[in-house]
Amino acid sequence: MEDSEDHILLFNTLTRKKEPFVPIEKGKVKMYTCGPTVYDFAHIGNFRTFIFQDLLKRWLKYRGFNVTHVMNITDVDDKTIRNSRKKGVTLKQYTDYYMKAFFEDLKILNIERAEHYPRATDHIPEMVALIKQLMEKGYAYMGEDGSIYFDISKFKDYGKLSKLKIDELKPGVRVKVDEYGKEEVQDFALWKAWDEEDGDVYWETELGKGRPGWHVECSAMAMKYLGETIDIHSGGVDLIFPHHENEIAQSEAATGKPFARYWLHSEHLLVEGKRMSKSLGNFYTLRDLTAKGYDPMAIRFLLLSTHYRQQLNFTFDGLEAAGNAVSRLRNFVHRLLDANGRGCGKVIKQLMENFKKSFESAMDDDLNISVALAALFDFVRDVNKLLDEQALSRDEALDVYELMMRFNRVLGIMDEGIFKRELPKEAEELIRKREEARKVKDWKTADQIREQLRAMGIIIEDTPQGVKWRIERKTS
RNA sequence: GCCGGGGUGGCCGAGCGGUUUAGGCGGCUGCCUGCAGAGCAGCUGCACGUGGGUUCAACUCCCACCCCCGGCUCCA
């Protein structure tokens, strides 16, 4: 798409600066994002991050990049093992359930699928190979407990992402952790030797009987699917340390090459101004919200509408406001489809051009979504004015419609299905009957039919240009 | 202790040294309308945490202070 490729600026955690995005291979982006640990339903904080990543990917695609996205599924760790044992099911049965739920949630939130969703347990050999390599190169050692640890003192760049000085630990926490066999507190496990807590979850490998540490899966799988150096790696801010720091250490120690060029991290969300936690009772999964009747597109809009590096305060008032904002956009698109005015030529062309430019330059600037949305709503207001004046011809309105859909493919906040112009037969009949009633000023019947249609999810509007209808929700 | 982010009108949320208003949501009024809906227009009282300073000019820069959030431990 034109020469716009190097116009995108992204904030790189590695340098703490906005940098022009230039991929390794022209026109292609290799993107790895840290996915869920499938021990429970994902919560809205998780989805904030996943939606940010989705927006990033969609924007890169809009700008003409061919994006290969890999998102890992962590299906073996302390929590999955503990919970599956508690439930008396196998680890696989347990994680399959939550993985399936996760994919359902992605769909509901209109998050595009990644190209690959590698599961940790399907990649044990790759991880073992990586760990062996690290041992051969002297970066890893076996501890007294039979586990294998990464020796961070051997990796000179340790701390370059999180900007932490390893020798300046939080005072107080230091002493208590030598129940493991590691030589230094900060060393982290690559391979965990089996113990009773693990039950029947273990792999017999050249490294002994055990299971992989958490960080190693991302290095192994990212490199398997995307190569030794990837373009973009992203996750929530909490992953900067130690997870991403450790990924860098493992990967770069093994390959001697940079692991990822751009590290992008999204801020956390707060709920009603407080940190989300189960004990505070402000912990929500997607299901919790949809069960209360909230529109998934409103949820998506809310999670999307604050810049990703800004903490987002999730409130129910905000969710309602987001729902109304989405309605405004939907109504607008419906109006476009009904337009049949005299035409205004240059005026609309100019508006579209300005809108496109503002939206694009905002998004290019580290995904400045607030400014992009402001441009969108400005445009909507201006075009609504033209629609009021019957100044938009059918073709012009369709051009606007196409533009809206094009940007909706970036934002993903409207289900295009609702704009399909299909009315159930019975609804058509009802509308006809209502028109007859209105003709003879039988308002009672007319209002009653309108209510009936509303119950079917069809909203009727009487305008000087005749009756208009729109489908508010899927009636299926 | 060390290191970050932030405090903007009723709510959410951009912005930048100055000439016109970010934008969304909500409320009010008007237009339109049988009603409703949608939309448009106007309004929503000095908007920029506090106190100083720099400047012709600060919400935007500097200093101090207050408050909130986060990282240094599993965590999106």
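Chain naming here is simple, since letters A, B, ... match the order of the sequence lines and numbering starts at 1 in each. Note that this is a predicted model, so its numbers are computed, not measured.
- When the P atom is compared between B:G23 and B:G42, the two are found 11 Å apart, to the nearest whole Å.
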Between A:N72 and A:E217, is the side-chain hydrogen bond (donor to acceptor under 3.5 Å, both in side chains) condition met? List the steps.
CA-CA 8 Å; A:N72 66 299; A:E217 69 178 78; 2.9 Å; yes

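- Nucleotides of RNA chain B nearest to A:A374 and A:D447 differ in position, and the one nearer the 5' end is that of A:A374.
- At a threshold of 4.0 angstrom between heavy atoms, the contacts of A:I240 with the nucleic acid are absent.
- With pairs defined as Watson-Crick or G-U wobble and both atom distances under 3.5 Å, the stems of at least three pairs that touch RNA chain B come out as B:1-7 with B:66-72, B:10-12 with B:23-25, B:26-31 with B:39-44, B:49-53 with B:61-65.
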If you apply the rule ring pair (Phe, Tyr, Trp, His ring centres under 6.0 Å), what do you find for A:F407 with A:F379, and how did you get there?
CA-CA 12 Å; A:F407 285 128; A:F379 178 69; 8.6 Å; no

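- The separation of B:U29 from B:G34, taken at their C1' atoms, amounts to 22 Å, rounded to a whole angstrom.
- For the pair A:R85 and A:Y94, the cation-pi test (distance below 6.0 Å, angle within 45°) is failed.
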Using a 4.0 Å heavy-atom cut-off, write out nucleotides 24-30 of chain B from 5' to 3' as B (base contacted by protein), S (sugar-phosphate only) or - (no contact).
SSS----

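- With ring centers used as reference points, A:Y149 lies 6.0 Å or more from A:F188.
- Set against B:G37, B:A76, B:U73, the side chain of A:Q186 has B:U73 as its closest nucleotide.
- Just one residue in the list A:Q53, A:K57, A:H116 forms a side chain to side chain donor-acceptor pair (under 3.5 Å) with A:H69, and that residue is A:K57.
- Rounding to whole angstrom units, CD of residue A:E461 and P of B:A38 are separated by 7 Å.
- Side-chain N/O atoms of A:R48 and base N/O atoms of B:A76 include no donor-acceptor pair closer than 3.5 Å.
- Taking atom C1' in both B:C59 and B:G49, the straight-line distance is 12 Å, to the nearest Å.
- Aromatic ring orientation, A:F155 versus A:Y158: perpendicular (interplanar angle above 60°, classes split at 30° and 60°).
- Going from the P atom of B:C25 to that of B:C62 covers 35 Å, rounded to whole Å.
- Side-chain nitrogen and oxygen atoms of A:K385 include at least one within less than 4.0 Å of the OP1 or OP2 phosphate oxygen of B:A41.
- Between A:N384 and B:C40 there is a side-chain N or O to OP1 or OP2 distance below 4.0 Å.
- A:F355 and A:F359 have perpendicular rings, their planes meeting at more than 60° on a 0 to 90° scale where under 30° would count as parallel.
- Atom CZ in A:R335 sits about 7 Å away from atom P in B:C40, given to the nearest Å.
- Between the CZ atom of A:F314 and the P atom of B:C69 there is a distance of 19 Å, given to the nearest Å.
- In this structure, A:N331 places its CG atom 14 Å from C1' of B:A36, rounding to the nearest Å.
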Evaluation steps, side-chain hydrogen bond (donor to acceptor under 3.5 Å, both in side chains), between A:Y98 and A:D75:
CA-CA 9 Å; A:Y98 287 106; A:D75 61 352; over 6 Å; no

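- For B:U55 and B:C63, the C1' atoms lie 16 Å apart once the distance is rounded to whole Å.
- Protein atom NZ of A:K79 is 16 Å distant from nucleotide atom P of B:U73, rounded to whole Å.
- Along RNA chain B, the nucleotide closest to A:I460 and the one closest to A:H268 are compared, and the more 5′ of them pairs with A:I460.
- Look at the C1' atom in both B:G5 and B:G37: the space between them is 44 Å, to the nearest Å.
- Considering only residues two or more places apart in sequence or on other chains, A:S147 meets the side chain to side chain donor-acceptor pair (under 3.5 Å) condition with A:D145.
- Atom-to-atom, NE2 of A:H334 to C1' of B:G37 comes out at 13 Å; the value is rounded to the nearest Å.
- Less than 6.0 angstrom separates the ring centroid of A:F316 from the ring centroid of A:Y284.
- Here the C1' atom of nucleotide B:C72 and the CG atom of A:D238 are 13 Å apart, to the nearest Å.
- Using a 30° and 60° split on the angle between ring planes, A:F419 and A:Y401 fall in the perpendicular class, above 60°.
- The P atoms of B:G27 and B:C32 are separated by 22 Å, rounded to the nearest whole Å.
- Here the options are A:R287, A:K79, A:K278, the test is salt bridge (Lys or Arg N to Asp or Glu O under 4.0 Å), and the partner is A:D40; only A:K278 passes.
- Comparing the C1' positions of B:C65 and B:U20 gives a spacing of 36 Å, expressed to the nearest Å.
- Note: CG (A:L392) to P (B:G39) measures 16 Å, nearest angstrom.
- OP1 or OP2 of B:G71 lies within a sub-4.0 Å distance of a side-chain N or O belonging to A:R275.
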Tabulated below should be each protein N or O lying under 3.5 Å from an N or O of nucleotides 12-17 of chain B; please produce it.
unit_1: B:A14; atom_1: O5'; unit_2: A:S370; atom_2: OG; d: 3.4

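- Annotation: ring pair (Phe, Tyr, Trp, His ring centres under 6.0 Å) contacts of A:Y32 (sequence neighbours excluded): A:H233.
- Qualifying salt bridge (charged side-chain N to carboxylate O under 4.0 Å, His left out) partners for A:E267, counting only residues two or more places apart in sequence or in other chains: none.
- A stacked arrangement is assigned to A:W443 and the six-membered base ring of B:G34, with a centre-to-centre distance below 5.5 Å and an interplanar angle below 30°.
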